[in-house]
Amino acid sequence: MAKKITKRENDYSQWYLDVVREAQLASHSPVRGCMVIKPNGFALWENMQRRLDTMFKETGHQNAYFPLFIPKSFLSKEAQHVEGFAKECAVVTHSRLIHSKDGVSVDPTSKLEEELIVRPTSETIIWDSYRDWIQSYRDLPILLNQWANVVRWEMRTRLFLRTMEFLWQEGHTAHATEQEARDEAHRMLEVYRSFAEDYMAMPVATGIKTESERFAGALDTYCIEAMMQDGKALQAGTSHFLGQNFAKAFDVRFQDRDGKEKFVWATSWGVSTRLIGGLIMTHSDDNGLVLPPRLAPTQVVIVPIWRNDDEQSRVMEYGTSILASLDKAGIRAKLDDRDQYKPGWKFAQHEVEGTPLRIAIGPRDVDNNNVELARRDTMKKEIISRDGVEKMIPDLLETIQSDLLETARERTAKQTRQASNYEEFKNILDTDGGFVYAHWDGTAETEEQIKNETKATIRCLPLHPEKQPGKCIVTGKDSPYPVMFARSY
RNA sequence: CGGGAUGUAGCGCAGUCCGGUAGCGCGCCUCGUUCGGGACGAGGAGGUCGCAGGUUCAAAUCCUGUCAUCCCGACCA
């Protein structure tokens, strides 16, 4: 079984690539650093998208769409923002090809007056529009989201975790008051936290980024951080309080109730296809992908078993009725009736693709009015009565969902440690990795030193710090509370 | 972008040192037997050896360049 997948303990990176390939989620494309998302992977993304989209709508947001191309001049309007993205932008300089000896080449006469940047994120082009949309406090708040692709010219890429082009959603909101904008940034962080935990079954730490880790152009960046099986952290989502930086850069003002003209307050927030990488590295095992039922494209697969035509028709009739029951119960179920594959092959295939539940039915089961039920997460099998299927399966799927979260929580808890001095800190990172809480003196210099010496960064500071004074593990200076470090993806 | 490794059929690999016109396993196609954990037999298809130059009578093999992937650094969601 699962002979094509490298064991995690042997080579975690290779295991990850093997799972992505064998579960047919994505493959490398002819374009460096870009990926082809295959139907299995995209179906998973669609389920994530659908749920997130609902959550955005429930919190009062609407979808819109802004252009892929951003005039170069827009990007230079917010100084911090430019600095953050300048090194990783794709630039469109020409608009035409001409025939040449080797096929086609760029027509030098088609050079653009103003070059266009392929969006690395859309703050600038959106705030340019907001200037026209906002005159009065009555026009606020604006609560928009867009589903889009963005491009960041990365040096080193990994499928889903870091690709040059990726799919994401970016929320961009405009508010009359600072408090309202801060509340929005927190509200969306909470949406991300509950999506990660309740749907992905991926426990996350929430917190606030240090100055050096925060989004270019933001005053505060809030994040959800997840711990992967190999002890490395993954930034899974961010929500930014942008203050009035973009309003000032794009001159977006409104007249308030008091008659005065004021700059608008802003937030932005996003999660990307990187979440799929997090999902894989949270639950999957040496047999392949493990998917949480709430997001799995197929929640239950029915594998029929037969030896001859007579058995085939009996088993298929039985399977079809079970499929109908599951459909009625609102379960995403599939009857795998492909005749060219044997049952054993199908078992292995659905296993590697992460289908949460498998029902196997053969002539014996038809005679006894039974089904064989197998859980992907625990690999345990049991025989149950067919009559209980439509009642039991939905409950079992929810059990799997909560078991996955619980297992991941326990693992993350084991991977979360305290370090009281620098030696211990380094030792934990070099042996087990994971989240390490330690005292820090609050300076960027110390943060930088720790990063250079240990490769660990401050993943986040607590949102609601409790006083727990101590001494910085590097400088010995006073620290009000420990902060969370980890090596990260 | 720097250091190391790798690139040969859809996937995994051998062949490269010592140049002589490409092979193995899985998968794929046909037929038959099979079918409760990746079936078996027989027959068959599939590769400009990552790409581009060069050396040579002759290049998967030697030389140069380039691209991609993996690992390690710098950068990042």
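In what follows, every chain begins at residue 1, and chains take the letters A, B, ... in the order their sequences are listed. This structure is a prediction, so every number in the text was calculated from the model and none was measured.
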Pair A/Thr238, A/Arg214: side-chain N/O donor-acceptor within cut-off below 3.5 Å = no
P spacing across the pair B/U6 / B/C24, given as an integer number of angstrom = 25 Å
Please measure how far the C1' atom in B/G44 lies from the corresponding atom in B/G7, and state the result in whole Å.
-> 29 Å
When you get a sec, tell me which of B/A39, B/U69, B/G37 is the closest nucleotide to the side chain of A/Arg358?
-> B/G37
Rounded distance in Å between the C1' positions of B/U8 and B/G23 = 10 Å
How long is the line joining CD of A/Glu154 and C1' of B/A68, in whole Å?
-> 17 Å
Figure out the CG/P separation between A/Asn308 and B/U33, and round it to whole Å.
-> 13 Å
Under 4.5 Å between any side-chain heavy atoms of A/Pro203 and A/Leu405, yes or no?
-> yes
Kindly point out which of B/G37, B/G36, B/C70 is positioned nearest to the side chain of A/Glu351?
-> B/G37
Would you say a side-chain N or O of A/Arg158 is under 4.0 Å from OP1 or OP2 of B/C71?
-> yes
Is the shortest heavy-atom distance from the side chain of A/Thr416 to the side chain of A/Met227 under 4.5 Å?
-> no
Could you give the distance separating B/C72 and B/U21 at their P atoms, to the nearest angstrom?
-> 42 Å
If you look at every strand shown and take non-hydrogen atoms under 4.0 Å, does A/Lys209 touch a base, only sugar-phosphate, or nothing?
-> nothing
Name the nucleic acid region contacted by A/Asp11, choosing base, sugar-phosphate or nothing; use a 4.0 angstrom heavy-atom cut-off, strictly under.
-> nothing
Separation between the P atoms of B/G3 and B/C11, rounded to whole Å | 29 Å
NA contact type, A/Phe215, heavy-atom cut-off 4.0 Å: base, sugar-phosphate, or nothing?
-> nothing
Rounded to the Å, how far apart are A/Tyr341 OH and B/C26 C1'?
-> 13 Å
Base, sugar-phosphate, or nothing for A/Gln14, non-hydrogen atoms under 4.0 angstrom?
-> nothing
By the Watson-Crick or G-U definition, both distances under 3.5 Å, B/A5 is matched with B/U69
Tell me whether the OP1 or OP2 atom of B/C72 has a side-chain N or O from A/Arg156 closer than 4.0 Å.
-> yes
Is any side-chain N or O of A/Ser13 closer than 4.0 Å to OP1 or OP2 of B/C70?
-> no
Do the ring centers of A/Trp127 and A/His81 come within less than 6.0 Å of each other?
-> no
Using ring-ring contact (aromatic ring centres under 6.0 Å, His included) as the criterion, list what pairs up with A/Tyr489, not counting sequence neighbours.
-> none
Give A/Gln235 one of three labels, base, sugar-phosphate or nothing, depending on what nucleic acid heavy atoms sit under 4.0 Å from its own.
-> sugar-phosphate
NA contact type, A/Leu17, heavy-atom cut-off 4.0 Å: base, sugar-phosphate, or nothing?
-> sugar-phosphate
Would you mind classifying the nucleic acid contact of A/Thr273 as base, sugar-phosphate or nothing, using non-hydrogen atoms under 4.0 angstrom?
-> nothing
Tell me: CD of A/Gln24 to P of B/C11, nearest whole Å?
-> 12 Å
Look at all strands and tell whether A/Glu311 reaches a base, only sugar-phosphate, or nothing, counting heavy atoms closer than 4.0 Å.
-> nothing
When the ring planes of A/Phe215 and A/His240 are compared, do they come out parallel, tilted or perpendicular, using 30° and 60° as the limits?
-> parallel
Give one of base, sugar-phosphate or nothing for A/Gly277, where a contact means two heavy atoms less than 4.0 Å apart.
-> nothing
Of the candidates B/G36, B/A74, B/G38, the side chain of A/Trp345 sits closest to B/G38
Assess the side chains of A/Glu353 and A/Thr355: does a donor N or O sit below 3.5 Å from an acceptor N or O?
-> no
CH2 of A/Trp306 versus C1' of B/A39: gap in Å, rounded?
-> 15 Å
Would you say the base of B/G37 and the side-chain of A/Lys381 have a donor-acceptor pair closer than 3.5 Å?
-> yes
Choosing from B/G37, B/C35, B/G38, which nucleotide comes nearest the side chain of A/Ile305?
-> B/C35
Using the C1' atom in both, what is the distance from B/C35 to B/C40, to the nearest Å?
-> 12 Å
Taking CZ from A/Arg307 and C1' from B/G36, how many angstroms apart are they, rounded to a whole number?
-> 8 Å
Counting just side-chain N and O atoms, does A/Lys342 come under 4.0 Å of either OP1 or OP2 of B/A39?
-> yes
B/G43 versus B/A59 - spacing of their C1' atoms, nearest Å = 34 Å
